[in-house]
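Notes follow the structure.
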There are 2 protein chains.
Amino acid sequence: MSPQISQQDRTDAPGALLTPAEVASMFRVDPKTVTRWAKAGKLSAIRTLGGHRRYSEAEVRGLLHGVPQPRDAEV
Amino acid sequence: MSPQISQQDRTDAPGALLTPAEVASMFRVDPKTVTRWAKAGKLSAIRTLGGHRRYSEAEVRGLLHGVPQPRDAEV
DNA sequence: ATTCAGTAGGGTAATTGGGGGA
DNA sequence: CCTGTCCCAATTACCCTACTGA
């Protein structure tokens, strides 16, 4: 009964997380630039226990589309 | 060995993006001119979170080939 | 435990955006 | 009508070393 999602399915999960390199390649910028966006608060990011940042794929895709943040599920 | 394609080759990905300098170099014009094209709606562009523009390589190549893109609203 | 790529951190150079004029 | 260049300020890219993640 543990609806445990396989870690390999993270690319399909609603809360999919992207690495800095992934986001950087989507925007055609340097990974350091993505880090700068996170520091500037332009992009929300969570930190691993070691201090590395992970970004929400949903948020990144929204930004790429020029769509404001779909904070809520738009049905 | 195996011609394995990486997850995402920036220049090969469907959403490959080009920097203003790249597009300018391809057209032999000034980056500012490319910016004017984007402002005039002749070229579609997405913006980084910092405001810089990134252009679709597919669209640019189509324009270079003289292939009218479906985003042209001219007569 | 080890290797290796990726990431964080700071600092500096290059590019870009915007307006204006030639 | 279109393009190249000037100014400025802001953003981004690359340099380095040390640590994390797999």
Side-chain angles (χ1 to χ4, degrees), chain A residues 2 4-69, chain B residues 1-13 15-69 71-75:
Chain A
S2 317
Q4 289 224 307
I5 303 174
S6 298
Q7 298 185 331
Q8 300 184 342
D9 287 315
R10 75 261 218 254
T11 43
D12 233 41
L17 295 177
L18 299 174
T19 61
E22 284 283 315
V23 180
S25 108
M26 293 171 74
F27 276 95
R28 193 62 177 94
V29 295
D30 203 84
K32 295 299 181 60
T33 300
V34 179
T35 296
R36 200 174 300 110
W37 292 345
K39 275 195 281 191
K42 296 177 179 177
L43 190 62
S44 59
I46 64 165
R47 312 274 292 219
T48 65
L49 299 188
H52 287 197
R53 296 185 181 84
R54 292 285 121 95
Y55 306 92
S56 162
E57 177 171 39
E59 181 176 350
V60 171
R61 286 194 301 186
L63 261 22
L64 269 176
H65 281 262
V67 178
Q69 277 224 238
Chain B
M1 326 254 231
S2 315
Q4 283 211 336
I5 302 177
S6 284
Q7 318 173 28
Q8 272 192 331
D9 233 46
R10 15 201 83 171
T11 48
D12 237 36
L17 298 175
L18 297 174
T19 62
E22 287 275 317
V23 180
S25 171
M26 294 170 75
F27 276 98
R28 253 331 195 161
V29 295
D30 236 67
K32 292 286 188 169
T33 300
V34 179
T35 297
R36 285 205 188 90
W37 293 345
K39 276 197 278 191
K42 296 178 178 178
L43 194 60
S44 61
I46 67 165
R47 316 274 289 218
T48 65
L49 298 192
H52 286 200
R53 296 184 183 84
R54 293 283 116 98
Y55 305 93
S56 162
E57 177 173 44
E59 183 175 347
V60 171
R61 286 196 302 186
L63 263 19
L64 274 173
H65 280 263
V67 178
Q69 289 297 88
R71 106 165 271 61
D72 195 287
E74 284 182 54
V75 182

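Here is how names work: the chains are called A, B, and so on, in the same order as the sequence lines, proteins then strands, and each is numbered from 1.
- Considering only side-chain N and O atoms, Trp37(B) lies under 4.0 angstrom from the phosphate OP1 or OP2 of dT3(D).
- Between the CD1 atom of Ile46(B) and the P atom of dT12(D) there is a distance of 12 Å, rounded to whole Å.
- To the nearest 0.5 angstrom, Leu64(B) atom CG is 11.0 Å from Glu59(B) atom CD.
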Arg54(B) vs Val29(A), test: side-chain contact (heavy atoms from CB on, under 4.5 Å). Steps then yes/no. CA-CA 9 Å; Arg54(B) 293 283 116 98; Val29(A) 295; 3.2 Å; yes
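- Listed here is the closest heavy atom pair of Tyr55(A) and Thr35(A): OH-CA, 3.7 Å.
- Under the Watson-Crick or G-U wobble criterion, with both distances below 3.5 Å, dA22(C) is paired with dT3(D).
- In this structure, Arg53(B) and Pro20(B) approach most closely via the heavy-atom pair O-CD, 3.3 Å.
- Summarising the geometry, the separation between CG on Leu43(B) and P on dG17(C) is reported as 12 Å, rounded to the nearest angstrom.
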Please determine whether side-chain contact (heavy atoms from CB on, under 4.5 Å) holds for the pair Phe27(A) and Leu63(A), giving the CA-CA distance in whole Å, both sets of side-chain angles, and the decisive distance to 0.1 Å. CA-CA 10 Å; Phe27(A) 276 95; Leu63(A) 261 22; 3.9 Å; yes
Which letter, B, S or -, goes with each nucleotide of nucleotides 15-22 of chain D from 5' to 3', with contact meaning a protein heavy atom under 4.0 Å? B----BS-
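- dG6(C) atom P lies 16 Å from atom OH of Tyr55(A), rounded to whole Å.
- The nearest whole Å value for the distance from the CD atom in Glu22(B) to the P atom in dA13(D) is 12 Å.
- Phosphate proximity of dT3(D) to Thr33(B): absent, as no side-chain N or O sits under 4.0 Å from OP1 or OP2.
- Here the P atom of nucleotide dT15(C) and the CG atom of Asp30(A) are 15 Å apart, to the nearest Å.
- At whole-Å resolution of the value, CZ in Arg53(A) and P in dA8(C) are 5 Å apart.
- The side chain of Arg47(A) lies closest to dA8(C), out of dA8(C), dG19(C), dT12(D).
- A side-chain contact (heavy atoms from CB on, under 4.5 Å) with Glu57(A) holds for exactly one of Leu18(A), Leu17(A), Val23(A); it is Leu18(A).
- For the helix from dT3(C)-dA22(D) to dG19(C)-dC6(D), the axis fitted to the five pairs at one end and the axis fitted to the five pairs at the other end meet at an angle of 60° (nearest 10 degrees).
- How far OG of Ser25(A) is from CZ of Arg28(A): 9.0 Å, rounded to the nearest 0.5 Å.
- Counting all heavy atoms, side chain and backbone alike, Asp30(B) lies closest to Ala24(B) at C-CB, 3.8 Å.
- Rounded to whole angstrom, the span from the CZ atom of Arg36(A) across to the P atom of dA10(D) amounts to 15 Å.
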When you look at Arg36(B) and Lys42(B), which way does the side-chain contact (heavy atoms from CB on, under 4.5 Å) test go after all the steps? CA-CA 9 Å; Arg36(B) 285 205 188 90; Lys42(B) 296 178 178 178; over 6 Å; no
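- Closest contact between the side chain of Thr35(A) and the listed nucleotides dT7(C), dA8(C), dG10(C) involves dA8(C).
- Here the C1' atom of nucleotide dT12(D) and the CG atom of Leu17(B) are 15 Å apart, to the nearest Å.
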